[in-house]
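Notes follow the structure.
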Amino acid sequence: MSPAVKYTLARLMLFLAVFAALWFVPNLSMLLKLMIAILVSAAASYFLLRNLRDDVAAQVEGAVDRRRAEKDRLRAALAGETEPGEDVPAAEAEEVHKTQA
């Protein structure tokens, strides 16, 4: 299961646990219970789900790096610096990326 799915399910379960605890509190409207559950679960997830959040960030960072490398490889191939199947040397890829930024 991907880290993003695990994190999403953990956030949802945390929200449902807080909402279930508030369900039995009398004299609160349903809307107020929902708002409290959202706020409390968001604050709790910041502390309790740190490892899952870091896993999601690492997954996103890896995807960004792969896309950037593919983009640099394609730009180099279009510029005629390499053949379409060749890898771009890291120094050239970094140079292309800096000039584009």
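The figures that follow rest on heavy atoms only: side chains count, while hydrogens, waters and symmetry mates do not.
Taken from CE in M13 to CG in L49, the straight-line distance is 12.0 Å, to the nearest 0.5 Å. From R66, atom CZ reaches atom CD of E61 across 11.0 Å, with rounding to the nearest 0.5 Å. In this structure, the separation between CG on L34 and CZ on F15 is 5.0 Å, given to the nearest 0.5 Å. Rounding to the nearest 0.5 Å places OG of S45 at 11.0 Å from CZ of R50. Between the CG atom of L22 and the CE atom of M30 there is a distance of 10.5 Å, given to the nearest 0.5 Å. L32 contributes atom CG, which lies 11.0 Å from atom CG of N27 (distance to the nearest 0.5 angstrom).
Cluster membership check: I38 does not share its hydrophobic cluster with L28, using side-chain heavy-atom separations under 4.5 Å among Ile, Leu, Val, Met, Phe, Trp and Tyr. Both V56 and V64 are part of a single hydrophobic cluster, where members link through side-chain heavy atoms under 4.5 Å apart. Hydrophobic clustering (side-chain heavy atoms under 4.5 Å, transitive across Ile, Leu, Val, Met, Phe, Trp, Tyr) groups L16 together with W23. Hydrophobic clustering keeps L48 apart from L12 (ILVMFWY residues linked when any side-chain heavy atoms are closer than 4.5 Å, directly or through intermediates).
Taking 4.5 Å as the limit, some side-chain heavy atom of S2 sits within range of a side-chain heavy atom of V5. For the pair L52 and R11, the minimum side-chain heavy-atom distance is 4.5 Å or more.
Clustering of Ile, Leu, Val, Met, Phe, Trp and Tyr side chains at separations under 4.5 Å places F47 together with Y46.
Listed here is the closest heavy atom pair of L14 and S41: CD2-O, 3.5 Å. Nearest approach of Q59 to P3, heavy atoms of both residues: OE1-CD, 3.6 Å. The minimum heavy-atom distance between K6 and M1, with the atom names listed, is CE-O, 3.5 Å.
E70 and R67 are not joined by a salt bridge, as no carboxylate oxygen comes within less than 4.0 angstrom of a charged side-chain nitrogen.
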